[in-house]
Asker: 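Take a look at the following structure, please.
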Amino acid sequence: MRFEVLRGKKREEILGYLQEEFGVDPEFFSDYCLLRSGNRIWLASRDICEKGRPESFPAEAVGLSFLRVGKGLKLTTSGAQFLGSRIKKRIMDVGEDELARLLSGLDLRGEGEGYVVFRFRGDVIGIGRFVDGRVKNMIPKSRRIPLKELSG
Amino acid sequence: MNLEKFGRYREIFGDEYDEFLEYSARPLKKCVRINTLKIGVEECVERLEKRGLSLERLPWIENGFRVEEKNCLIGHTLEHFLGLVYVQEGASMVPPLVLRPEEGEIVLDLAAAPGSKTTQISEMMKNTGIVVANDVSYKRIKSLRSNAERLGIVNLVVTRLDGRRFGRRYPGVFDRVLLDAPCSSEGSVRKDWGVLNRLSLRLIRRMSRLQKSLLTSALEAVKPGGTVVYSTCTVAPEENEEVVDHAVKSGLAAVEPVKVPGLVTRPGLTEWNGRKFDDSLERCIRIWPQDNDTQAFFVAKLVRI
């Protein structure tokens with residue numbers, strides 16, 4: 001895979017999106033760099049871009065898979081968890097029953113538009129998207145926990 | 001149970017051989033490492049105890065705990081889902097402690113998947129600098145990546161190259177290198193009985209050859225004066241002292257003493273099966289199951305000459 005370090009306008013565009021949609025202060029990213037490969041944006045330590053020459057390294061992955069680029073941008077579950085309490089907008093607080101539904105891969109009911117960040121007692125759980133009167137659960141299959149096996 | 005396969009080590013363990021066998025037959029309690037990139041140790045312990053888990057701190061690492069799983073599986077908790085904890089055997093937490101990576105450094109983990117030690121190294125570096133995590137298997141890299149993402153690791157570069165050639169391709173680049181080598185895994189018998197069925201002298205010899213060329217590659221990749229930590233989860237001297245002895249005799253490295261406060265260790269062997277190793281090999285550590293109630297491990301600290 002080829003990695004392009006996002007600088008200048010390309011970087012500002014991403015930070016602008018995160019500020020506008022989720023209220024994340026762009027200052028937070030001063031210790032991090034952003035890279036793009038294909039339709040994926042990665043969040044990495046500043047040293048990776050400054051000392052690592054990632055453009056020339058035969059890497060499979062660099063840093064954390066942060067956003068997907070499609071028709072628009074989509075924050076990943078790991079990306080949302082990484083930002084955690086820095087997310088100030090588009091938050092949906094869920095209760096225990098809803099949490100169990102989310103972790104097992106089920107959708108929730110809800111009306112709205114665009115993306116939403118699920119939060120349970122202060123912890124960011126993941127991302128959902130409003131579709132036809134429900135909130136589509138975007139937590140990856142590989143991270144789900146079957147409902148009957150959820151502990152505690 | 002094929003524990004008689006361990007008979008070849010009777011001489012190493014001496015009077016303690018029976019105790020070694022007894023511990024090897026006992027199932028291992030799970031251990032976890034609390035991911036301090038995401039949460040404080042005490043806060044996390046409190047959260048897990050509320051779920052009915054009881055935790056006992058491992059004496060050699062501040063954020064490592066042995067877990068008593070009563071009616072709650074740690075892997076199925078919200079805390080695990082959020083990447084606040086990582087299930088990792090207590091002895092497997094030792095090699096990064098010996099490596100002692102520092103913030104801002106460039107570190108290589110040459111045989112990294114599934115990423116227990118890699119993510120521990122990233123954590124010790126507070127997510128700064130660069131950790132290059134290499135592994136040859138695509139499938140194992142997938143699990144490394146998903147573990148690193150769950151833990152919120154951002155200082156990682158994942159590569160899939162032949163570890164034996166890595167050093168020649170990137171010579172003298174890294175401040176530190178960890179080689180937690182693929183091995184016959186005898187020490188993991190407490191986690192996986194299948195290990196014994198696969199175990200043979202042929203496997204041990206084949207692993208030993210691979211380990212020697214991986215260690216040479218690791219020593220080529222590190223900067224002059226840099227640290228390379230070599231570890232395995234096996235008892236076989238062919239895969240441990242013999243491999244390190246090979247690196248010492250080739251003039252690439254010198255063995256440094258290993259000290260891990262809180263951990264009971266035994267010195268490396270200086271002789272096996274009539275074969276004499278360099279005297280400095282006694283500076284390596286052997287971790288035996290009966291000493292700390294962990295799996296068996298071997299750790300050597302080398303400095304590049």
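Here is the naming used below: chain letters follow the sequence lines, and residue numbers restart at 1 for every chain.
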Asker: Side chain, backbone, both or neither: which part of B:V132 has an atom under 4.5 Å from a heavy atom of chain A?
Answerer: side chain
Asker: Could you look at B:R150 and say if it's the side chain, the backbone, both or neither that has a heavy atom under 4.5 Å from chain A?
Answerer: both
Asker: Relative to chain A, which segment of B:I153 carries a heavy atom at a distance below 4.5 Å: side chain, backbone, both, or neither?
Answerer: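 Only the backbone of B:I153 comes within 4.5 Å of chain A.
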Asker: Under 4.5 Å heavy-atom distance to chain A, tell me which part of B:T128 shows up: side chain, backbone, both or neither.
Answerer: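 Both parts, heavy atoms under 4.5 Å.
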Asker: Is any side-chain heavy atom of B:L78 closer than 4.5 Å to one of A:I125?
Answerer: yes
Asker: Provide the closest heavy-atom pair for B:Y170 versus A:P58 in the form atom of the first, atom of the second, distance.
Answerer: OH-CD, 3.2 Å
Asker: For each of A:A59, A:A61, A:G52, A:S142, tally heavy-atom pairs with chain B at distances under 4.5 Å, and name the one with the top tally.
Answerer: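 Sorted descending by pairs with chain B, the first entry is A:A61.
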Asker: Which bit of B:L161 comes within less than 4.5 Å of chain A, counting heavy atoms only: side chain, backbone, both or neither?
Answerer: side chain
Asker: Looking at B:R47 and A:D123, is any side-chain nitrogen of the basic one under 4.0 Å from a carboxylate oxygen of the acidic one?
Answerer: yes
Asker: Under 4.5 Å heavy-atom distance to chain A, tell me which part of B:K50 shows up: side chain, backbone, both or neither.
Answerer: neither
Asker: Please check if the side chain of A:K51 supplies one atom and the backbone of B:I130 the other of a donor-acceptor pair under 3.5 Å.
Answerer: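 Side chain of A:K51 to backbone of B:I130: no pair is present.
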Asker: Is a side-chain N or O of A:R143 found less than 3.5 angstrom from the main chain of B:F81, in a donor-acceptor match?
Answerer: yes
Asker: Which heavy atom of B:V154 sits nearest a heavy atom of A:I48, and at what distance?
Answerer: O-CD1, 3.6 Å
Asker: Would you check if the side chain of B:E149 reaches a backbone N or O of A:S65 as a donor-acceptor pair within less than 3.5 Å?
Answerer: yes
